[in-house]
**Student:** 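First the structure, then my questions, so here it is.
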Amino acid sequence: MNLPDLKKAKIRSDEEVKTIEATNLKSNKFAGKKYFLKTYGCQMNVHDSEEIKGILKNLGFSETLDYEEADIIVLNTCAIRENAHDKVFGFLGRVKHLKKEKPDLLVAVGGCMPQQNSVANLLKEKYPFVNIVFGTHNINDLGKMIVDAKSKQDIEVYSIEGNIYENIEYDRDSKYCAWVNIMYGCDKFCTYCIVPFTRGKQRSRKMEDILEEVQKLKDEGYLEVTLLGQNVNAYGKDLDTSYDFATLLENVANIGIERIRFVTSHPWDFTDKMIEVIAKYPNIMPYIHLPLQSGSSKILKLMGRRYTKEEYLELYRKIKDSIPGVSITTDIIVGFPNETDEDFEETLDVVNKCKFDGAFTFIYSPREGTPAALIKDSISMEVKEKRLQILNNLVNDYSLEHNKEYVGKLVKVLVTENSLKGTDKVCGYTDTMKLVNIDGAKEDIGKIINVKITEAKSFSLDGEKVIFTNI
Ligand code: SAH
Ligand code: SF4
Ligand code: F3S
């Protein structure tokens, strides 16, 4: 990657970090004004957007879902694949038109894309109507940047991570389920992946800060927390302490919050102790997202994934045998440079052996600055698309097969919202992360209820509420 001509890093003292005035900047300068926020990418970005919403709220803005009526448009971007880029630039085209009608409209672009030097430069040269450009390491600057915004573009992107901020005032999307960052960045440098460049090196939050946040969420009535990190199993390895992810998980479980989830688990750091802790505590949900990426040991090596097909299968088996009823989902990339038919067959073989509950599947997208992007590729896009189709069909068959096993069974569902499947329906997730649409029961939003599953589809279940009465 070209060395970014972005600023290096912002380091603050521990005291400043604890109080981050900039993040929690309060002002009524924008009272009555509206913001439109669009989030691309992973859960990390979704949670960062909760921080951005908190910042905007503290400045007096309220949210609108119609970008044309907004006074400020904020895009929290993702750089993981080329189509994520395309979506952002496509939307910016529409914003450019709107800005002609509304010259006072503020436009801010942040997140993973501006962390790439080429994108920051492109925004500077081709998108001068964007007022504010910020990165993943200085979301907390956004409030000040908005207050100070001028018509001239203000680019504040730091190429190196600074320190971790605490006491962030999130405006959370849900009153029942909360994201909790346990670490930032990633040190794995898988050869295809841009994340270590856009998010910096791994930094774990101190265990006491995480536990304090979870306790507070529980006291506020949250029923579920999802511990977030690019590679949660490596939690603590960068800290000068003896504790690891299993210890953290056990301590979070002991707080007694109803449901605990975590994403994402890299197979490399998955320890026996973790498996034991997950199996032991009923409030740690029996659901693991375990990205495979490829079933070919040759491709896995080229990807820098640090495990073989056999090691993945062994870990998979161990998890299945040790955690009763566990569901496992995965991520798979097809069309890594020079992936042969035989390599692809190996991927299908792992899918057939593991019969995943679900899988996110992607066609490999070369990312500028990553080692894999330099490999000359002999496989055509047509072949890659065909492979994706074959893989998706197989993966969906297994999802449906798993879902069918639920029909007639009783499950616990945390009902979180109205269902998109009809005005008289609500929805939520089982312990094992299956989406269930339920008839009626609007008064049950925010509760964990017993549901009998009536029908299985590939991506969701239908069910009805069951009330137990003493006869
Ligand atoms: N930290 C997580 C992954 C985050 S990115 C992990 O290691 O599991 C989410 C998924 O995007 C990855 O698991 C991978 O399957 C996919 N991905 C990452 N880079 C990609 C690329 N260059 N092309 C296609 N898919 C990619
Ligand atoms: Fe990317 Fe690999 Fe890190 Fe996941 S573990 S974020 S795929 S470099
Ligand atoms: Fe995308 Fe950044 Fe997440 S690149 S996948 S939003 S870490």
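Counting starts at 1 for both ligands and their atoms, in listed order. Owing to the predicted nature of the structure, the values given are computational and were not obtained by experimental measurement. This chain uses plain numbering: 1 for the first residue, then up along the sequence.
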**Student:** Between the side chains of Lys34 and Asp66, is the shortest nitrogen-to-carboxylate-oxygen separation below 4.0 Å, so that they form an ion pair?
**Tutor:**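 Salt bridge between Asp66 and Lys34, a charged N being under 4.0 Å from a carboxylate O: no.
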**Student:** Could you name the option among Arg305, Met44, Gln43, Gln230 that has the heavy atom nearest to atom 1 (N) of ligand 1?
**Tutor:**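 Considering heavy atoms of Arg305, Met44, Gln43, Gln230, the nearest to atom 1 (N) of ligand 1 sits in Gln230.
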**Student:** Check this for me: Glu63, atom CD, are more than 12 non-hydrogen atoms of other residues, nucleotides or ligands nearer than 6.0 Å?
**Tutor:**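 Yes - once you tally the heavy atoms of other residues, nucleotides and ligands closer than 6.0 Å, there are more than 12.
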**Student:** Before giving the answer on side chain to side chain donor-acceptor pair (under 3.5 Å), spell out for Thr329 and Tyr287 the whole-Å C-alpha distance, their side-chain angles and the decisive distance to 0.1 Å.
**Tutor:** CA-CA 8 Å; Thr329 56; Tyr287 164 67; 2.8 Å; yes
**Student:** To which protein heavy atom is atom 4 (S) of ligand 3 closest, and what is the distance rounded to 0.1 Å?
**Tutor:**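 Nearest neighbour among protein heavy atoms for atom 4 (S) of ligand 3, to 0.1 Å: Ala79 N, 3.2 Å.
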**Student:** Within ligand 1, which atoms have a heavy atom of Pro291 less than 4.0 Å away?
**Tutor:**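 Listed by number with element, the hits are 8 (O).
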**Student:** Is there a heavy atom of Ile363 sitting under 4.0 angstrom from any atom of ligand 1?
**Tutor:**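 It does; at least one heavy atom falls under 4.0 Å.
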**Student:** Looking only at heavy atoms of Ile80, does any of them come nearer than 4.0 Å to an atom of ligand 1?
**Tutor:**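 For ligand 1, residue contact (heavy atoms, under 4.0 Å) with Ile80 is present.
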**Student:** Verify the neighbour count for atom NZ of Lys99: are there more than 12 heavy atoms of other residues, nucleotides or ligands below 6.0 Å?
**Tutor:**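 More than 12 heavy atoms, drawn from other residues, nucleotides or ligands, come within 6.0 Å of this atom.
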**Student:** Please report whether the ring centroid of Phe356 lies less than 6.0 Å from that of Tyr398.
**Tutor:**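 No, the ring centres sit 6.0 Å or more apart.
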**Student:** Where is the nearest protein heavy atom to atom 1 (Fe) of ligand 3: which residue, which atom, and how far?
**Tutor:**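 Protein heavy atom at minimum distance: Cys78 SG, 2.4 Å.
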**Student:** Do Tyr184 and His137 have ring centroids that are under 6.0 Å from one another?
**Tutor:**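 No, the ring of His137 stays outside the 6.0 Å limit from the ring of Tyr184, centre to centre.
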**Student:** I need the nearest protein heavy-atom contact for atom 16 (C) of ligand 1: residue, atom name and distance, please.
**Tutor:**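 In this structure, atom 16 (C) of ligand 1 has Arg81 NH1, 3.3 Å as its nearest protein heavy atom.
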**Student:** Going by an N to O cut-off under 4.0 Å, is there a salt bridge joining Lys216 and Glu166?
**Tutor:**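 Salt bridge: no.
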**Student:** Please work out whether any backbone atom (N, CA, C, O) or any side-chain heavy atom from C-beta onward of Phe362 is under 4.0 Å from ligand 1, and answer side chain, backbone, both or neither.
**Tutor:**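 Just the side chain.
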**Student:** Could you list the atoms of ligand 2 found under 4.0 angstrom from a heavy atom of Cys193?
**Tutor:**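 Near Cys193, the atoms of ligand 2 are 1 (Fe), 6 (S), 7 (S), 8 (S).
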**Student:** Under 4.0 Å from a heavy atom of Gln293: give me the atoms of ligand 1 that qualify, with their elements.
**Tutor:**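 By the 4.0 Å cutoff, the relevant atoms are 12 (C), 13 (O), 14 (C), 15 (O).
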**Student:** Identify, by atom number and element, the atoms of ligand 1 in contact range of Arg367, meaning under 4.0 Å from any of its heavy atoms.
**Tutor:**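 Every atom of ligand 1 under 4.0 Å from some heavy atom of Arg367: 22 (N).
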**Student:** Need the ligand 1 atom indices (1-based, order shown) with element for anything under 4.0 Å from a heavy-atom of Tyr364.
**Tutor:**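 Ligand 1 atoms under the 4.0 Å threshold to Tyr364: 23 (N), 24 (C).
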**Student:** May I ask you to say whether Asp269 pairs ionically with Lys188, meaning some side-chain N is under 4.0 Å from a carboxylate O?
**Tutor:**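 Looking at Lys188 together with Asp269, the answer is yes, because their closest N to O distance falls below 4.0 Å.
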**Student:** Could you tell me if any non-hydrogen atom of Arg199 lies under 4.0 Å from any atom of ligand 3?
**Tutor:**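 Contact present.
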**Student:** Is it the side chain, the backbone, both or neither of Cys42 that has a heavy atom closer than 4.0 Å to ligand 3?
**Tutor:**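 The answer is both.
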**Student:** Out of curiosity, is Gln43 lining ligand 3, as in a heavy atom under 4.0 Å away?
**Tutor:**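 No.
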**Student:** Does Thr264 reach ligand 1, in the sense of a heavy atom lying below 4.0 Å from it?
**Tutor:**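 In this structure, Thr264 qualifies as a contact of ligand 1 - some heavy atom is under 4.0 Å.
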**Student:** What protein heavy atom lies closest to atom 2 (Fe) of ligand 3? Include the residue and the distance to one decimal.
**Tutor:**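 Residue, atom and distance for the closest contact: Cys112 SG, 2.3 Å.
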**Student:** May I ask you to check whether Cys190 brings an N, O or S atom to under 2.8 Å from atom 2 (Fe) of ligand 2?
**Tutor:**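 Yes, within the cut-off.
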